[in-house]
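Worksheet: the structure to be examined is printed underneath.
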Amino acid sequence: MPELPEVETVVRDLRPLLAGRTITSVRRSAQNLRRPWEEQWTATITGTRIEGVRRRGKWILVDVRGKSAKDSPVLRVHLGMTGQFTVVNASEPEPNHLHLVLALDNGTELRLRDQRRFGSAEFFPSRGTLDTAMNADLGPEPFGMNAETFRLSMVGTARNLKAILLDQTIVAGVGNIYADEACFRAKLHPGRSGSSLTADECDRLREAIEAVLTKAIASRGSTIRDYVGGSGLRGGFQNEFAVYGRTGAPCPTCKTLVECVRLAGRASHFCRSCQLSAISRQPDKTK
DNA sequence: CTGTAATCCTGCGAGC
DNA sequence: TGCTCGCAGGATTACA
């Protein structure tokens, strides 16, 4: 479910609900998420005060203030495919697939629910160390990327655009939905190789990524099935998809029927008329 | 270096 | 009505 726009929406929703709150108790299910919860984390996190909530790529970072004044620990959460990270009143009935519950000092609870358990929740003792480690594994945030850096990372590989966009070390936060939507907006076939792109096409793709993500955030992300924001609201961008999940439906630009192929192991949607699979022919300058 | 497939899970819709 | 199959927003690993 959650790609950058969904994670950003969760973070924006949670921020006012969590800032300044103290975690009074921690409760978890018997089942592990992608990473097992270490027992000592429960005691370490209990009694801490939440300083803020951030996003990096598709990761949610809850910064807390440790009990000793110089601590700056972080709770890091990934929503995987079906994760839901919400604040509700503690009196709300507990849904199934609930894996981590942080009780807060105002009668609310921060709940992590994840049907498929592809998500994760981990605790790190040092914010600075964690940020450094994450920056080593993740590419730049997609907003305001350096044009030259982006061109070099595209042109330097024979992989197709879909595989490149899903690679979190190239650009952080793009997933299957927004990779397809960005390629459509840039009028580039997702099967094109990075090395086949002209400088102009690289720029178009970079701008398309930014534009698609910005519009999706404005619509509070996309809900296909499970996704909800930090206050439980569904997204709205699924109603604005140009190609994702629209196999056989008319392209919003030219009415050609949208097709779906498998690229980088993922369903990839495109319009064969709008998204040329070869470099578009330039007008003959000699005439 | 690239691509493909399998893996971790549960649930849903399609087709028989 | 009920069964099996394939597929789903992600990420990592092994292998050809």
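Naming: A, B, ... by sequence-line order, numbering from 1 per chain.
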Open item on the list: Is the base of C:dG10 stacked against the aromatic ring of A:Phe118, taking ring centres under 5.5 Å apart and planes under 30° as the test?
Closed with: yes
Open item on the list: Rounded to whole Å, how long is the line connecting atom CZ of A:Arg225 with atom C1' of C:dC7?
Closed with: 9 Å
Task: Contacts of type side-chain contact (heavy atoms from CB on, under 4.5 Å), residue A:Leu17, not counting sequence neighbours - done: A:Val87
Task: Residues touching DNA chain C, which here means a heavy atom under 4.0 Å, drawn from residues 167-176 of chain A - done: A:Gln168, A:Gly175, A:Asn176
Task: Heavy-atom donor-acceptor pair, A:Asp114 side chain to A:Gly119 backbone, under 3.5 Å - done: yes
Open item on the list: Can you confirm whether A:Lys70 is buried at NZ, in the sense that more than 12 heavy atoms of other residues, nucleotides or ligands lie under 6.0 Å from that atom?
Closed with: no
Task: Which atom of A:Ala172 lies closest to which atom of A:Glu141, heavy atoms considered - done: CB-OE2, 4.2 Å
TODO: Apply side-chain contact (heavy atoms from CB on, under 4.5 Å) to A:Pro125 and list each qualifying residue two or more places apart in sequence or on a separate chain.
DONE: none
Task: Distance, rounded to the nearest Å, where A:Arg35 contributes CZ and C:dG10 contributes P - done: 17 Å
- [ ] Measure the distance from CH2 on A:Trp59 to C1' on C:dG9 and round it to the nearest whole Å.
- [x] 15 Å
Open item on the list: Whether the side chain of A:Asp63 engages the backbone of A:Arg127 through a donor-acceptor N/O pair (distance < 3.5 Å, no angle test) should be reported.
Closed with: no
Task: Distance between C1' atoms of B:dC9 and C:dG2 (Å, rounded) - done: 23 Å
- [ ] Can you tell me, in whole Å, how much space there is between the P of B:dT4 and that of C:dA8?
- [x] 15 Å
Task: Main-chain N/O of A:Gly83 paired to A:Gln115 side chain as donor or acceptor, under 3.5 Å - done: no
Task: Atom CZ of A:Arg35: over 12 foreign heavy atoms under 6.0 Å - done: no
- [ ] Report the distance from atom CE of A:Met81 to atom C1' of C:dG9, rounded to the nearest whole Å.
- [x] 6 Å
- [ ] Sorted by first residue and then second, give each ring-ring contact (aromatic ring centres under 6.0 Å, His included) pair with at least one member in residues 46-92 of chain A; sequence neighbours left out.
- [x] A:Trp59-A:His78
Task: Pairwise C1' distance for C:dG6 and B:dA6, with rounding to whole Å - done: 15 Å
Open item on the list: Whether A:Asp167 and A:Arg159 form a salt bridge (side-chain N of Lys/Arg under 4.0 Å from carboxylate O of Asp/Glu) is what I want to check.
Closed with: yes
Task: Length of the line joining A:Tyr227:OH and C:dA8:C1', which is rounded to integer Å - done: 17 Å
Open item on the list: Among residues at least two apart in sequence or on other chains, which ones pass side-chain contact (heavy atoms from CB on, under 4.5 Å) with A:Thr48?
Closed with: A:Ile23, A:Ile45, A:Val64, A:Lys67
Open item on the list: Expected output check: what is the dot-bracket annotation of DNA chain C, where ( ) and [ ] are pairs inside the strand (brackets for crossing ones), | is paired with another strand, and pairs are Watson-Crick or G-U under 3.5 Å?
Closed with: .|||||||.|||||||
Task: Rounded distance in Å between the P positions of C:dA11 and B:dG11 - done: 22 Å
- [ ] Nearest whole angstrom, please: distance from the P of C:dT12 to the CG of A:Leu33.
- [x] 16 Å
TODO: Round to a whole Å and report the spacing from CD of A:Glu122 to P of C:dT12.
DONE: 11 Å
Task: Start and end of the DNA chain B segment that chain A contacts, any atom under 4.0 Å from a heavy atom - done: B:dT2 to B:dC12
Open item on the list: Classify A:Arg117 by what it touches in the nucleic acid, base, sugar-phosphate, or nothing, heavy-atom distance under 4.0 Å.
Closed with: sugar-phosphate
Task: Ion pair check, A:Arg151 and A:Asp203, cut-off under 4.0 Å - done: yes
- [ ] With a 4.0 Å heavy-atom cut-off, tell me which residues in residues 156-164 of chain A come close to DNA chain B, sorted by residue number.
- [x] A:Thr157, A:Ala158, A:Arg159, A:Asn160
Open item on the list: Base, sugar-phosphate or nothing for A:Phe237? Non-hydrogen atoms, less than 4.0 Å.
Closed with: nothing
For residues 240-251 of chain A, tabulate all N or O donor-acceptor pairs below 3.5 Å that involve a side-chain atom, not counting sequence neighbours.
{"unit_1": "A:Glu240", "atom_1": "OE2", "unit_2": "A:Ser219", "atom_2": "OG", "d": "2.9"}
{"unit_1": "A:Arg246", "atom_1": "NH1", "unit_2": "A:Ala242", "atom_2": "O", "d": "2.6"}
{"unit_1": "A:Arg246", "atom_1": "NH1", "unit_2": "A:Pro250", "atom_2": "O", "d": "3.1"}
{"unit_1": "A:Arg246", "atom_1": "NH2", "unit_2": "A:Pro250", "atom_2": "O", "d": "2.9"}

Task: Partners passing side-chain contact (heavy atoms from CB on, under 4.5 Å) against A:Ala133 (at least two apart in sequence or in another chain) - done: none
Task: Closest-nucleotide ordering on DNA chain C, the 5'-leading residue of A:Gln115 and A:Leu166 - done: A:Gln115
TODO: Take A:Asn106 and A:Thr108, measure what side-chain hydrogen bond (donor to acceptor under 3.5 Å, both in side chains) needs, and give me the verdict at the end.
DONE: CA-CA 6 Å; A:Asn106 65 345; A:Thr108 64; 2.7 Å; yes
Open item on the list: With ring-ring contact (aromatic ring centres under 6.0 Å, His included) as the rule and sequence neighbours excluded, what pairs involving residues 137-158 of chain A come up?
Closed with: none
Open item on the list: Between the side chains of A:Asp180 and A:Lys162, is the shortest nitrogen-to-carboxylate-oxygen separation below 4.0 Å, so that they form an ion pair?
Closed with: yes
- [ ] Report yes if at least one side-chain N or O of A:Lys58 is closer than 4.0 Å to OP1 or OP2 of C:dG9; otherwise report no.
- [x] no
TODO: Can you sort out which residues in residues 257-272 of chain A have a heavy atom within less than 4.0 Å of DNA chain C? Ascending by number, please.
DONE: A:Arg262, A:Arg266, A:Ala267
